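Down below is the structure, laid out as structure tokens.
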Amino acid sequence: MKLKLGNTGRALVAALALSATAGGALAQNFITSKAEVEQMLSGATFIGVYLRTESAYTLKFGTDGTLTDTTGAKARWWVDDQARYCREWLDGKLKGNTGCMNVEFEDGQVALYSEGKKVVEGVLTGK
């Protein structure tokens, strides 16, 4: 009987761990409206931190689809049908690099996620 309770306890702990993991994944509150992401980014300046290097990071989103980063590198940006922010670097060290990121907005903070991992967080100004 004691062994059965142990197995039940382990099963309960495993279920709780899976629930917490699933809850963590669902905690990401990505914006799902293409128009909302376009409106949020167009003409704004993102000031934040690039989490991979823990360095200051700035992106200026032009209303004409141009994008400039902290180093002055230029890119074009758009929002795809999945409401992800996308960009293609036209010069600088990332020239030719294209990618799309999910956008999360919560409590005045913006976070960008690449393949489910938060890579940038900060605030938007200039709107």
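Keep in mind that the numbers below use all heavy atoms, side chains included, and drop hydrogens, waters and symmetry copies. These figures come from a predicted structure and were not determined experimentally.
- Contact check for Tyr113 versus Met101: no side-chain heavy atoms found under the 4.5 Å cut-off.
- Residues Ala73 and Gly92 come closest through the heavy atom pair CB-CA, 4.2 Å.
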Residue pair Thr125, Ile47: steps toward the side-chain contact (heavy atoms from CB on, under 4.5 Å) verdict: CA-CA 8 Å; Thr125 65; Ile47 300 170; 3.9 Å; yes
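- Judged purely by atom type and a 3.5 angstrom limit, Thr63 has no side-chain atom pairing as donor or acceptor with the backbone of Ser42.
- If you take CG on Leu90 and NZ on Lys74, they are separated by 9.5 Å, rounding to the nearest 0.5 Å.
- A 4.5 Å side-chain heavy-atom check between Val110 and Glu104 finds every atom pair outside the cut-off.
- Heavy atoms from other residues, nucleotides or ligands lying under 6.0 Å from NZ of Lys34 number more than 12.
- How far CD1 of Ile31 is from CD of Glu38: 11.5 Å, rounded to the nearest 0.5 Å.
- One finds no salt bridge joining Lys95 and Asp91 here, because no Lys/Arg side-chain nitrogen approaches an Asp/Glu carboxylate oxygen to under 4.0 Å.
- Within the 3.5 Å criterion, the main-chain N or O of Gln109 finds no donor-acceptor partner in the side chain of Asp107.
- Contact check for Met40 versus Ser33: no side-chain heavy atoms found under the 4.5 Å cut-off.
- Listed here is the closest heavy atom pair of Phe61 and Leu41: CB-O, 3.0 Å.
- A distance of 10.5 Å separates CD of Glu115 from CG of Asn102, quoted to the nearest 0.5 Å.
- Expressed to the nearest 0.5 Å, how far CH2 of Trp78 lies from SG of Cys86 amounts to 5.5 Å.
- Nearest heavy-atom pair across Phe46 and Glu121 is CZ-C, 3.4 Å.
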Stepwise side-chain contact (heavy atoms from CB on, under 4.5 Å) test for Asn97 and Arg87: CA-CA 8 Å; Asn97 181 293; Arg87 47 89 183 118; 2.9 Å; yes
Residues Leu51, Val119; criterion side-chain contact (heavy atoms from CB on, under 4.5 Å); working and verdict: CA-CA 5 Å; Leu51 299 174; Val119 293; 5.6 Å; no
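- With sequence neighbours excluded, the residues satisfying salt bridge (charged side-chain N to carboxylate O under 4.0 Å, His left out) with Glu88 are Arg76.
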Residue pair Trp89, Thr98: steps toward the side-chain contact (heavy atoms from CB on, under 4.5 Å) verdict: CA-CA 7 Å; Trp89 291 104; Thr98 301; over 6 Å; no
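- In this structure, the separation between CZ on Phe105 and CG on Leu112 is 12.5 Å, given to the nearest 0.5 Å.
- Here the CG atom belonging to Leu124 is positioned 8.5 Å from the OG1 atom belonging to Thr45, to the nearest 0.5 angstrom.
- Below 30°, between 30° and 60°, or above 60°: for Trp77 and Tyr85 the angle between ring planes is between 30° and 60°, a tilted geometry.
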